[in-house]
Amino acid sequence: MTEATFYILLSLIHPSHGYGMMQSIKELSNGRILMGPGTLYGVLTRMHKEGLIGLVETEGRKKTYHITKLGIEALKEEYTRLKNQVEDGKILEDIT
Amino acid sequence: MRKKYYFHPSSYSLSEIEEFYEKKASEGLILDTRGNFLSGFRKEEPKNLSYRVEVIDYDKLKEHKIPEEQVAVYEDCGWTHVCGHHHIQIFSADKDTDPPELYYQPQDQIDSIKILRKSVSKRLLSLLFSWTLLGAVQFYIFAGGSFKAFIHNQFFIYILYLVEFPTLALLFPLILVKGLGEYVFGIISSQYYITRLKKGIPLRKIKPFAKKLKPFKKGVTAVILLALLFMGIREILSYEKVGDPSAVDGPFLTLADFGLEKAPPKPGSYLGEDYFKKRTTIWGEVISVFESDNKHNISSALFQDVYMVKDSGLRDKLVDVLRREYIYGIYNGEYTELTIPGLDKVYETSGRDLIVVKDDFVISISGYLQERITQEMMLEKLSKILSEEEFTIVSP
């Protein structure tokens, strides 16, 4: 899972739309991750096709998404993988 | 409101497109429409605008339009969709609002550039396929046998075309090369962007491939176009047409040379009306002559093509081409070489078709004269005409 996918899924735990997602990603990552609309739209389209996110409502051209069960499973799986990676990497803390 | 139109940078030169529109906006020309080659601008106060190019998968999209949802996401972030043409879509934003970049990670943009590369590759393949198909059809109807003979035949047709209509003949391969070159350039340029984006260089900071070649491309194109224009104008201005070839003093035979009388031209005659046509080309001159006695049962009619070609290599090649019947590779018959005093070379076939070479002239004669006038008499007369020290065409 790419970093962009991870953070978009994370931001969609609460239903949101394009600009809202970009703001919450910025907040979630403490400003470390800036996501442009080009990246966001590309990832959203792909995740929607894969069933990781679903449409909550459509207001004019604006669409609000939320994470699906499949998306939560994928997110948890990725979280566990990253956590294990961090655990495994702790060995580095002893290296001076 | 009156619009202004300007040629825009190539669709494969993405960052240059953005710079181009920004510069225009700062001059008070705000982008309105984008076509194949031209962009339309409306005149307003100069503005400090940012432009971004987005590539869409035009061929796959419903109604071949940018999805409304994409526009909504971009507009949410401050980018307004201005216009677009096929794969290239243009967004703009006021620089003072500090809009977010469409892509913060250069690698994220690779997928959209891949769309461009895929699309141009498909176009190149379909162009090559259509050319192959066209060639295959021509080969199918070609009666000259092998593929090698077919290629020779195409070459002969081109040589004849090159001598008769040099401007068009030179323009033709240039158009083919330009069409093909544009697609090849598109693939190379897209690949260049992808390689740079992979290295983490933002699109905007990539000096477009096209921009590097632009001065060279512009210079070469201007020189070629000017040369072709000059050649074309010269050919058109030199065009001359006379209704009665016997009234013209030229390097060809006329019925008057043999004292043959003509009836007044009859409109609707199955052979058409008499003519003398002359054009000056870069090689020399091209003259077409047709003359008949216009009688009820036509007993004398001559078709002659005179090529004055100063370049000996091209002249020899032309003679070689004329000695072969080139249409669809159907050979008319073998030519026999004759020796006629005063003429450099003479070839004869079917008892009435002749190819005569004298100095810069190559003359192709087809037709028939009254029985009492033999081929030898015709050649002797032509030899005499062509042996005059200085030849000038005097129109009546």
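Basis for what follows: all heavy atoms, side chains included, without hydrogens, waters or symmetry-related copies. The chains referred to below are lettered A, B, ... by the order of the sequence lines, with proteins before strands, and numbering in each begins at 1. Because the structure is predicted, anything quoted here is derived from the model rather than measured.
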- Count the heavy atoms of every other residue, nucleotide or ligand shown that sit under 6.0 Å from CG of B:Leu226, and state whether that count exceeds 12.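 Yes - once you tally the heavy atoms of other residues, nucleotides and ligands closer than 6.0 Å, there are more than 12.
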- Message: Using 30° and 60° as the class boundaries, would you call the ring planes of B:Tyr58 and B:His87 parallel, tilted or perpendicular?
- Response: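 The arrangement is tilted - the two ring planes meet at 30° to 60°.
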Do the charged groups of [X] and [Y] touch, with an N to O distance under 4.0 Å?
X	Y	answer
A:Lys76	A:Glu73	no
B:Lys23	B:Glu27	yes
B:Arg42	B:Glu44	yes
B:Arg204	B:Glu101	no

- Under 3.5 Å, side chain of A:Ser11 to main-chain N/O of A:Ile8, donor-acceptor pair present?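 Confirmed, A:Ser11 side chain pairs with A:Ile8 backbone.
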- Query: Would a distance-only check, ignoring hydrogens and angles, find a side-chain to backbone donor-acceptor pair under 3.5 Å from B:Ser189 to B:Tyr12?
  - Reply: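 Yes; judged by distance alone, with no hydrogens or angles, the pair exists.
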- Is a side-chain donor-acceptor pair under 3.5 Å present for B:Ser92 with B:Tyr21?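 There is no such pair (donor and acceptor under 3.5 Å, judged by atom type) between the side chains of B:Tyr21 and B:Ser92.
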- Output the residues of residues 13-20 of chain A for which the shortest heavy-atom distance to chain B is under 4.5 Å, in residue-number order; output 'none' if no such residue exists.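 Result: A:His17, A:Gly18, A:Tyr19.
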- Using heavy atoms and a sub-4.5 Å threshold, report which of residues 24-46 of chain A line up against chain B, by residue number.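 Against chain B, the residues of residues 24-46 of chain A that fall inside the cut-off (heavy atoms, under 4.5 Å) are A:Leu34, A:Met35, A:Gly36, A:Pro37, A:Gly38, A:Thr39, A:Leu40, A:Tyr41.
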- Message: Checking an interface table here. Which of residues 102-121 of chain B come within a heavy-atom distance under 4.5 Å of chain A?
- Response: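 Hits under 4.5 Å: B:Leu102, B:Tyr103, B:Tyr104, B:Asp108.
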- Query: Do any of residues 65-77 of chain B come closer than 4.5 Å to chain A, heavy atom to heavy atom, and if so which ones, in number order?
  - Reply: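 When heavy atoms of chain A are the reference, residues 65-77 of chain B contributes B:Pro67, B:Glu68, B:Glu69, B:Gln70, B:Val71, B:Ala72, B:Val73, B:Tyr74, B:Glu75, B:Asp76, B:Cys77 within the under-4.5 Å range.
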- Query: Run the salt bridge (Lys or Arg N to Asp or Glu O under 4.0 Å) check on A:Glu87 and A:Lys83 step by step: do they pass?
  - Reply: CA-CA 6 Å; A:Glu87 280 298 316; A:Lys83 215 163 71 172; over 6 Å; no
